[in-house]
> 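First the structure, which I've put down as structure tokens, then a few questions once you've had a look.
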Amino acid sequence: MACYESIFILRSSLADDEAEAVIEKMKSVLTKHGATIVKAENWGKKKLAYEIKHDRRGTYILLQFESAQENVVSELERLYRLEDSVIKFLTVRVEEEALQAVAAEEQGESESGGIQ
């Protein structure tokens, strides 16, 4: 099974409930196409490095997922293009060992109570 990370940026003018609706829509597309969502994080509103579509800030979202099908990435990116609230996105394939190492590191931090 292939592992992927997808980061997308939503317009900062979206309300929190609207942003959550878009995130749930993206997650439902992944599960509908047989992908398993490993992690979904809302990184919050951050300043952009440069202006994108007249926006200087955006809400960053991370989705990590696994899928055996190749068409799930193309379908997700097609949906990103159709959604007006998504201003930028990037999806990359991640080595499974790297994903497991990050998960093990996060597990160690949560057991020890924070950063050492």
> Looking at CD of E66 and SG of C3, how far apart are the two atoms once the value is rounded to the nearest 0.5 Å?
4.0 Å

> Consider only side-chain heavy atoms of I, L, V, M, F, W and Y, link residues closer than 4.5 Å, and tell whether I37 and W43 are in one cluster.
no

> Among I23, L30, V22, whose side chain to side chain contact (heavy atoms under 4.5 Å, CB included) with M26 holds?
V22

> If you round to the nearest 0.5 Å, how far is OG of S67 from CD of E75?
11.5 Å

> What orientation do Y80 and F89 show, parallel under 30°, tilted 30 to 60°, or perpendicular over 60°?
tilted

> Does atom CD of E70 have more than 12 heavy-atom neighbours from other groups under 6.0 Å away?
no

> Do you know which two heavy atoms are closest between T91 and S6, and how far apart they sit?
OG1-OG, 3.0 Å

> Show your reasoning for whether side-chain contact (heavy atoms from CB on, under 4.5 Å) applies to F8 and L63.
CA-CA 8 Å; F8 61 100; L63 294 176; 3.8 Å; yes

> Pick from L76, V38, T31, V94: which one makes a side chain to side chain contact (heavy atoms under 4.5 Å, CB included) with F65?
L76

> Would E83 and S85 satisfy side chain to side chain donor-acceptor pair (under 3.5 Å), going step by step from the backbone distance to the final call?
CA-CA 6 Å; E83 186 66 44; S85 58; 3.2 Å; yes

> Any chance CG of D84 has more than 12 other-residue heavy atoms, nucleotides or ligands included, within less than 6.0 Å?
no

> I'd like to know if the side chain of D55 and the backbone of R57 have a donor-acceptor N/O pair within less than 3.5 Å.
no

> In terms of hydrophobic clustering (I, L, V, M, F, W, Y; side-chain heavy atoms under 4.5 Å; direct or indirect links), are Y60 and V86 co-clustered?
no

> Between the side chain of K39 and the main-chain N/O of Q64, is any donor-acceptor distance below 3.5 Å?
no

> Carefully, step by step, assess E18 and L10 under the rule side-chain contact (heavy atoms from CB on, under 4.5 Å).
CA-CA 10 Å; E18 293 173 329; L10 297 173; over 6 Å; no

> What closest approach, in Å, do I9 and G58 show between heavy atoms, and which atom pair accounts for it?
CG2-CA, 3.8 Å

> Going by the rule salt bridge (Lys or Arg N to Asp or Glu O under 4.0 Å), which residues pair with E77 if we only count those two or more places apart in sequence or in a different chain?
none

> Find out whether L48 and K88 are in side-chain contact, i.e. whether some heavy atom of one side chain is under 4.5 Å from a heavy atom of the other.
no

> Which residues satisfy the side chain to side chain contact (heavy atoms under 4.5 Å, CB included) test with K53, sequence neighbours excluded?
R11, I87

> When you group the ILVMFWY residues by side-chain heavy-atom contacts below 4.5 Å and let the links chain together, are I7 and Y50 in the same group?
yes

